[in-house]
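Right, one structure below, let's go through it.
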Amino acid sequence: MRLSRFYLPVLKETPADAQIASHRLMLRAGMIRQEGAGIYAWLPLGFRVLKKIEQIVREEQDRAHAVEMLMPTIQSADLWRESGRYDAYGKEMLRITDRADREMLYGPTNEEMITEIFRAGVRSYKDLPKMLYHIQWKFRDEIRPRFGIMRGREFLMKDCYSFDVDEESARNSYNKMFVAYLRTFARMGLKSIPMRADTGPIGGDLSHEFIVLADTGESAVFCDKGLVDMDVPAKTTDFDSDLQPVIDQFTSLYAATDEMHDEKEFETKVASENRISARGIEVGHIFFFGEKYSAPMKAVVAGPDGGDINVQMGSYGVGVSRLLGAIIEAYHDEAGCKWPMPVAPFHVGLVNLRVGDEACDAACAKLYAELEAAGVDVLYDDTPARPGEKFARMDLIGLPYQITIGPRGLGAGEAEVKDRHTGEKSNASLDDVAGEIAAKVKAALDYA
RNA sequence: CGGGGCGUAGCGCAGCCUGGUAGCGCAUCUGGUUUGGGACCAGAGGGUCGCAAGUUCGAAUCUUGCCGCCCCGACCA
């Protein structure tokens, strides 16, 4: 992509409303634009990151045998009356009426709708288990939206729903999502820690929040240091195998958000030097809720004996748009973002320091073509801006590698390569640089 | 929803207390000099001062109402 054709409205000054780093940087780097309280437009740069995150989420859902679909954002009130949540949900739900005065709502979540879809198509226990998911915009009329996209009213969420014939089987579905979540966040460079969470009226131990540690997180969290160093399950994990040992490993050490925190247990179970008391960002939440929706909404299958069985359900959410904020919180410095390769809007920034200079233009054009041919996403700064502005802008948008071509290096047949994460700069021969960078990009995209 | 604060040019702000018809920095445009970490000189454009009503000869400024946004608390991906 040529920067001259792109739309990248960067801000030199920090917008007054932005309180935390991720919000500030997303506004400054021209990734989002606020259109209302908790409502944002995704500008091209931010949209590219959102898409990459979404794709990683999708790949890991698919790997865990969940099946993608897409449900509408607008739902009917009647559907929610079946579960009893239309009145229970409160003002967080955006209620609207259509031209015929039918009561509708902009979906804050989809348990009712997926249950309705499931019951229409599944009759027998032999069709179970099933896991269905979609990645779709939600609207929750939050009391207080804040921190940019971290708590927006409109946000992109992956929500998956599982259907099983009994609790034991439901636990398998739960475990699959548990492992999928560990992998999903790890692939984005995030260290997520599953923490036991409030299960609400159902009880039991089948609810976990996945928390990314960050000073600006909204929740206070407490956990054993050992969890931070735990290796996530590999790509080769067989999701048809018994995943319980993995879950046991991750739940063996203490980890709880403040509402579930038990200080006494914390002090007994965790040696003082291993106690982490920090703040975190909730990026995922998994839930088993049994017959909460299947019973009132009559989502039943015929069992082996021919009798009706209420299906056992679970739901599994990932805050896709929130993840952008979480990643920036984890990877940034004074100058700007520092994107991990798998979610970077472009892999490489190519900076032409002297646009209009024949030699510079030619060298950049050649390199640009070579990189693109090698499958590298390149943002080519072909604008006539001054060097200082170009460097600052590249640092701000935080592409993992910057390749700079200017008259000085060109004389020696060299380009300068900067690693945005380490800050290291080195010179590379013009002939080899495309191949070297392409190899580094490929290596960084290859995940476990 | 309770508490606090803010709406003045694209962005960041001053002016408001003590009414007299709007200013600064950055950005933008033109010309020139520049060009390896956010240049310099000269010139130019851009604002119904959130909206409405009221007070007044006169309102960005005072009064009232409304709208919007931000921050602190209880909820959530």
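We use all heavy atoms of the structure for the numbers below, so side chains are in, but hydrogens, waters and symmetry mates are not.
A:Y161 is linked by a ring pair (Phe, Tyr, Trp, His ring centres under 6.0 Å) to nothing, counting only residues two or more places apart in sequence or in another chain. For A:E416, there are no side-chain hydrogen bond (donor to acceptor under 3.5 Å, both in side chains) partners at least two apart in sequence or on another chain. Considering only residues two or more places apart in sequence or on other chains, A:D141 meets the salt bridge (charged side-chain N to carboxylate O under 4.0 Å, His left out) condition with A:R153. Checked against side-chain hydrogen bond (donor to acceptor under 3.5 Å, both in side chains), A:R146 has the following partners two or more places apart in sequence or in another chain: A:E218.
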Identify all side-chain donor-acceptor contacts of residues 324-336 of chain A below 3.5 Å with residues at least two apart in sequence or on another chain.
unit_1	atom_1	unit_2	atom_2	d
A:E329	OE1	A:T216	OG1	2.7
A:E329	OE2	A:S22	N	2.8
A:E329	OE2	A:S22	OG	2.7
A:Y331	OH	A:G189	O	2.6
A:H332	ND1	A:I328	O	2.7
A:H332	ND1	A:E329	O	3.3
A:D333	OD1	A:A335	N	2.9
A:D333	OD1	A:G336	N	3.1
A:D333	OD1	A:R420	NH2	2.9
A:D333	OD2	A:R420	NH1	2.9

N/O donor-acceptor pairs under 3.5 Å from side chains in residues 346-360 of chain A, not counting sequence neighbours:
unit_1	atom_1	unit_2	atom_2	d
A:H347	ND1	A:D377	N	3.0
A:N352	OD1	A:R354	N	3.0
A:N352	ND2	A:D361	OD1	2.9
A:N352	ND2	A:Y380	OH	3.2
A:D357	OD1	A:A359	N	3.1
A:D357	OD1	A:C360	N	2.9

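The residue A:R354 sits close only to the backbone: its heavy atoms come under 4.0 Å of sugar-phosphate atoms, none of a base. At the heavy-atom level, A:A37 lies under 4.0 Å from the strands shown only through sugar-phosphate atoms. Nucleic acid contact for A:G388: sugar-phosphate only, since backbone atoms but no base atoms lie under 4.0 Å from a heavy atom of the residue. At the heavy-atom level, A:T109 lies nowhere under 4.0 Å from the strands shown.
Of the candidates B:G12, B:G38, B:G36, the closest approach to any side-chain atom of A:R28 belongs to B:G38. In this structure, of B:A27, B:U35, B:C70, it is B:U35 that holds the atom nearest to the side chain of A:P387.
Within residues 63-75 of chain A, no residue is approached by RNA chain B to less than 4.0 Å at the level of any non-hydrogen atom. Residues from residues 130-159 of chain A lying near RNA chain B, meaning a heavy-atom separation below 4.0 Å, are A:R140, A:E142, A:I143, A:R144, A:P145, A:R146, A:F147, A:M150, A:R151, A:G152, A:F155, A:M157 in numerical order. The stretch residues 403-411 of chain A touches RNA chain B through A:T404, A:G406, A:P407, A:R408, A:G409, each having a heavy atom within less than 4.0 Å of the strand.
OP1 or OP2 of B:C1 sits under 4.0 Å from a side-chain N or O of A:K91. The side chain of A:Q19 contributes no N or O atom lying less than 4.0 Å from OP1 or OP2 of B:C72. Phosphate proximity of B:G38 to A:R386: absent, as no side-chain N or O sits under 4.0 Å from OP1 or OP2.
Applying the ring pair (Phe, Tyr, Trp, His ring centres under 6.0 Å) test to every pair with at least one member in residues 62-84 of chain A, sequence neighbours left out, gives these pairs: A:W80-A:Y89. Annotation: salt bridge (Lys or Arg N to Asp or Glu O under 4.0 Å) contacts involving residues 224-235 of chain A, sequence neighbours excluded, are absent.
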Collect all protein-nucleotide pairs involving nucleotides 3-10 of chain B in which both atoms are nitrogen or oxygen and the distance is under 3.5 Å.
none

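Residue order along RNA chain B, read from the 5' end via each residue's closest nucleotide, puts A:V10 first among A:V10 and A:G36.
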